Protein chains: 2
Amino acid sequence: MVSGDRKKSRATLLDVARRANVSRATASLVIRNSPLVGAATRSRVEAAMEELGYVYNMGAARLRAERSQTVGVIVPNLTNPFFAELLAGIESVVDAAGMVVLLANSADQVDRQNTLVRRMREHGVDGIIVCPAAGTGVELFERLADWGLPLVQVLRHFSAQADYAGVDYAGGMRQAVDYLSSLGHERIAFAVHGPVHPAYQERVDGFRDAMCSHGHDASMIVRVPSKIAQIAEATQLLFEQKAEPTAVICFNDVIALGLAAGLYDRGIAIGRDLSLVGFDDVTDAEAVRPRLTSVSTMPVAIGENAARLLLERLADPALQPRRLVNRTTLHVRQSCGPAAVLTL
Amino acid sequence: MVSGDRKKSRATLLDVARRANVSRATASLVIRNSPLVGAATRSRVEAAMEELGYVYNMGAARLRAERSQTVGVIVPNLTNPFFAELLAGIESVVDAAGMVVLLANSADQVDRQNTLVRRMREHGVDGIIVCPAAGTGVELFERLADWGLPLVQVLRHFSAQADYAGVDYAGGMRQAVDYLSSLGHERIAFAVHGPVHPAYQERVDGFRDAMCSHGHDASMIVRVPSKIAQIAEATQLLFEQKAEPTAVICFNDVIALGLAAGLYDRGIAIGRDLSLVGFDDVTDAEAVRPRLTSVSTMPVAIGENAARLLLERLADPALQPRRLVNRTTLHVRQSCGPAAVLTL
DNA sequence: CACAAGCATTAGATCGATCTAAAAGTTAAA
DNA sequence: TTTAACTTTTAGATCGATCTAATGCTTGTG
């Protein structure tokens with residue numbers, strides 16, 4: 001039984017039909033559980049499928065019907081836990097709809113992204129969820145619209161012509177600034193890094209607006225390296241500003257954790273000498289000491305939203321482009337203290 | 001131009017052929033850049049493809065030829081950064097081979113895993129890479145062998161009949177134990193959690209063997225909760241052992257970070273009062289203070305190995321089952337100190 | 001000059017499902 | 001009994017590629 005039956009390819013719908021004494025068409029109706037077939041016939045066909053160990057051939061089906069039950073997902077970076085959670089959210093909703101995720105990594109490069117989109121189209125995906133690479137142009141969206149291939153942007157909002165699921169970054173910045181202000185902070189720095197894209201811009205703008213509305217100087221924006229070890233070393237950048245900050249808001253938790261390490265190395269007490277607010281609220285925010293106060297963006301929920309947007313568009317392609325923007329929550333822990341205590 | 005051309009479905013190979021004044025068969029040969037076609041014909045066909053904006057229809061191709069250029073990947077947990085990195089490694093190799101990843105999450109549940117495997121087969125994947133759910137039985141492997149669907153196990157080695165890519169967990173445990181012994185530690189605890197699967201068992205066995213070969217008592221195995229905040233709270237479990245440990249080896253870095261937080265809360269100095277060794281060497285190991293000494297398992301490399309094993313099997317299905325086991329590296333940082341200093 | 005060999009091209013069958021439009025069977029109403 | 005209406009089933013075309021086996025066209029050879 002080991003060899004020999006290698007050749008006998010899998011049973012087809014025709015085999016099932018013959019065994020159940022019905023036509024191919026009827027068998028097909030049974031699979032798609034159409035209400036048209038009679039109960040007796042249905043169970044006869046189902047029995048036949050069972051006996052033959054029949055497995056459905058999506059590929060053949062998709063050729064005729066124009067649905068592949070497949071969704072393409074393109075992210076700029078898989079190693080980043082943030083995107084991993086986003087992906088988990090997407091996958092769970094897509095899976096629950098009986099569909100499957102085709103995954104690819106653009107490495108934040110526009111040309112790779114183009115290749116991937118093309119490849120996904122070749123594979124006949126029903127739609128695409130993409131966190132567009134920094135520098136993505138309108139062509140991408142025009143091309144997909146031309147092809148009639150539904151697309152959902154996630155996290156980075158490049159085109160108003162396509163659906164978008166994301167987070168109110170500006171609102172999150174405001175929560176952080178408001179909170180620090182309520183503690184008496186005025187000289188607040190914003191530590192950033194990474195490629196410039198809409199999500200980046202929204203955060204910077206949100207910071208500026210919030211600071212201005214409090215009458216604070218919003219010019220203290222500090223660029224730090226991308227790898228966590230280098231961020232720690234770059235901590236002194238904070239103290240080379242024209243006015244030394246009493247608090248720092250971070251573009252994301254990677255920066256916050258890096259700076260926390262750097263501050264520790266310099267003997268600066270977080271929450272007393274300097275207050276720190278992170279962004280994203282990754283699991284480790286709860287694990288470090290002092291616990292990191294962070295703006296929670298809930299990537300899993302965003303992923304779920306994106307997938308739902310796509311499924312709804314698949315169901316009704318005539319829908320107007322929609323935006324689904326989640327609110328953030330400030331998760332207050334231990335990394336901030338009153339500004340008054342400071343004696344610089 | 002907005003509406004109206006919705007109907008004109010994408011150009012087919014026949015359209016291309018007609019425009020280039022060749023047969024469908026020739027056009028097909030051009031796509032698959034067969035050496036059979038003449039240079040002049042080839043460029044004529046390529047021009048036609050360009051002009052018509054032709055895109056290849058994988059689905060149709062796969063129906064006839066028995067290759068889908070698709071690899072199924074099933075992991076037990078996407079939110080875990082470890083698996084995210086593993087996935088990144090798999091994706092990069094699969095992508096470089098011009099193939100695409102079909103992703104799914106088993107949530108470590110055997111029945112979900114079965115559903116997913118079936119779904120992947122329906123989608124006609126060429127092979128599957130799976131980190132099998134705890135409790136997976138031999139049926140899975142027998143079934144896939146029956147179907148002639150290549151499978152690679154990753155991280156958890158359940159069946160000797162199928163390829164496996166993983167890590168020398170036992171070796172890693174030995175490195176940790178040897179290192180701590182060299183610092184004079186004898187009462188070493190092993191903090192574990194999560195479902196029991198081969199990777200779990202290998203680590204436990206590795207710990208026991210290494211401890212015994214040093215003549216130490218290997219019975220201090222402590223189960224902690226799974227969420228990081230609860231691990232911190234569970235830290236006192238370490239001090240309820242019959243003999244208080246002077247060092248702790250952790251099943252993974254999540255536990256290590258959780259315990260580090262718990263120890264901090266109790267005012268116990270890591271590296272002086274108690275030594276701590278993590279497992280996996282996630283990026284945050286470098287970011288916490290004191291920096292965490294950890295056994296590095298390099299998930300990206302394992303993912304790459306798994307993908308390569310599968311590609312090679314696809315190329316030659318007659319290959320004997322193979323094991324590809326990576327060596328670990330002990331990354332010494334700051335969380336361990338000599339045992340002699342202790343004054344409990 | 002006939003024949004073989006090699007190269008480039010092609011017609012037509014085929015993969016395994018779905019779809020359309022019609023046929024067969026059943027029941028109800030006129 | 002005939003007709004209409006409804007339910008259930010089906011034959012055959014179809015989706016867009018690949019594959020097989022054959023064909024036409026050059027060349028080279030005895």
Side-chain angles (χ1 to χ4, degrees), chain A residues 7-46 48-49 52-70 119 121-126 147-148, chain B residues 7-46 48-49 52-70 119 121-126 147-148:
Chain A
K7 212 110 218 177
K8 82 149 202 302
S9 59
R10 46 205 269 185
T12 130
L13 203 45
L14 184 55
D15 301 330
V16 171
R18 272 204 269 262
R19 174 169 260 248
N21 270 314
V22 297
S23 73
R24 208 157 67 262
T26 304
S28 177
L29 291 175
V30 170
I31 300 184
R32 293 174 284 161
N33 45 78
S34 148
L36 289 178
V37 287
T41 316
R42 151 157 293 128
S43 54
R44 219 167 59 239
V45 172
E46 278 166 350
M49 290 177 26
L52 292 175
Y54 170 78
V55 297
Y56 189 58
N57 184 332
M58 271 306 260
R62 101 170 43 163
L63 183 55
R64 192 81 238 283
E66 295 288 62
R67 279 294 288 275
S68 71
Q69 308 292 8
T70 283
R119 185 129 82 199
R121 186 157 135 83
E122 290 183 350
H123 278 274
V125 296
D126 291 336
W147 289 346
Chain B
K7 211 110 222 179
K8 78 145 210 296
S9 59
R10 47 203 272 184
T12 130
L13 204 45
L14 184 56
D15 301 329
V16 171
R18 273 204 269 260
R19 174 169 258 249
N21 269 312
V22 297
S23 72
R24 208 158 68 260
T26 306
S28 176
L29 291 176
V30 170
I31 301 184
R32 292 175 286 160
N33 45 77
S34 147
L36 289 178
V37 287
T41 316
R42 153 158 292 131
S43 53
R44 222 169 54 240
V45 172
E46 279 167 350
M49 287 175 31
L52 292 176
Y54 171 77
V55 296
Y56 188 58
N57 184 331
M58 274 305 275
R62 102 172 39 166
L63 182 55
R64 193 79 238 286
E66 294 288 63
R67 277 296 286 274
S68 71
Q69 308 291 7
T70 283
R119 187 129 82 199
R121 178 150 201 260
E122 290 183 349
H123 279 274
V125 296
D126 293 335
W147 288 346

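Chain letters run A, B, ... following the sequence lines, proteins first, then strands; residues in each count from 1. Please read these numbers as outputs of a predicted model, since none were measured by experiment. Worth knowing before you read on, the calculation uses all heavy atoms, side chains too, and leaves out hydrogens, waters and symmetry mates.
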### A61(A), nearest nucleotide to its side chain (from dA17(C), dT10(D), dT9(C))
dA17(C)

#### Entry: Shortest side-chain distance from L63(A), nucleotide among dT10(D), dG16(C), dT10(C)
dG16(C)

### Query
Between the main-chain N or O of S34(A) and the side-chain N or O of R42(A), is there a donor-acceptor pair closer than 3.5 Å?
yes

### Task
Name the residue closer to the 5' end of DNA chain C, choosing between L13(A) and V22(B) according to the nucleotide with the nearest heavy atom.
V22(B)

## Note on the structure
Considering only heavy side-chain atoms of R64(A), the closest of dA17(D), dG16(C), dT14(D) is dT14(D)

### Task
Please state whether the phosphate of dC19(D), meaning OP1 or OP2, lies under 4.0 angstrom from any side-chain nitrogen or oxygen of R32(B).
yes

### Query
What is the distance, rounded to the nearest whole Å, between atom CG of L14(A) and atom C1' of dT18(C)?
14 Å

### Query
What integer distance in Å separates Q69(B):CD from dA17(D):P?
15 Å

### Message
I need the CE-C1' distance between M58(A) and dG16(D), as an integer number of Å.
### Response
17 Å

### Task
Ignoring the backbone of L36(A), work out which of dT9(D), dA13(C), dT10(C) is nearest its side chain.
dT9(D)

### Query
Got a donor-acceptor contact below 3.5 angstrom from the R10(A) side chain to the W147(B) backbone?
no

### Message
Is a donor from one side chain sitting under 3.5 angstrom from an acceptor on the other, for S68(B) and D126(B)?
### Response
yes

### Task
Determine: side-chain N/O of T41(B) to OP1/OP2 of dA8(C), distance under 4.0 Å, yes or no.
no

### Task
Report the C-alpha distance between R24(A) and S28(A) in whole Å, list the side-chain angles of each, state the deciding distance to 0.1 Å, and finish with yes or no for side-chain hydrogen bond (donor to acceptor under 3.5 Å, both in side chains).
CA-CA 6 Å; R24(A) 208 157 67 262; S28(A) 177; over 6 Å; no

### Query
Contact class for T12(A) vs. all strands (heavy atom < 4.0 Å): base, sugar-phosphate, or nothing?
sugar-phosphate

### Message
To check you understand the geometry: which heavy-atom pair defines the closest contact between A48(B) and V16(B), and what is its length?
### Response
CB-O, 3.8 Å

### Query
Heavy atoms under 4.0 Å, any strand shown: does A25(B) hit a base, just sugar-phosphate, or nothing?
base

### Query
Is A65(B) touching bases, backbone alone, or none of the nucleic acid, heavy atoms closer than 4.0 Å?
sugar-phosphate

### Message
Distance check needed: dG16(C) C1' versus M49(A) CE, whole Å only.
### Response
14 Å

### Query
What integer distance in Å separates E122(B):CD from dG16(C):P?
15 Å

### Summary
To the nearest angstrom, the CD-P distance between E66(A) and dC15(D) comes to 10 Å

### Phosphate contact (dT9(C) OP1 or OP2) by S23(B) side-chain N/O below 4.0 Å
no

### Interatomic distance, L29(A) CG vs dT8(D) P [rounded to whole Å]
12 Å

### Query
Once you round to the nearest 0.5 Å, how far does CG of L63(A) lie from CZ of R64(B)?
12.5 Å

### Task
Assign each of A39(A) and R24(A) to its nearest nucleotide of DNA chain D by heavy atoms, then name whichever residue's nucleotide is nearer the 5' end.
A39(A)

### Message
Taking the minimum atom-to-atom distance to the side chain of Y56(B), which one of dA13(D), dT9(C), dA17(D) wins?
### Response
dA17(D)

#### Entry: Nucleotide dG16(C), atom C1' - distance to OH of Y54(A) in whole Å
8 Å

### Query
For R62(A) and dC15(D), is the shortest distance between a side-chain N/O and OP1 or OP2 below 4.0 Å?
no

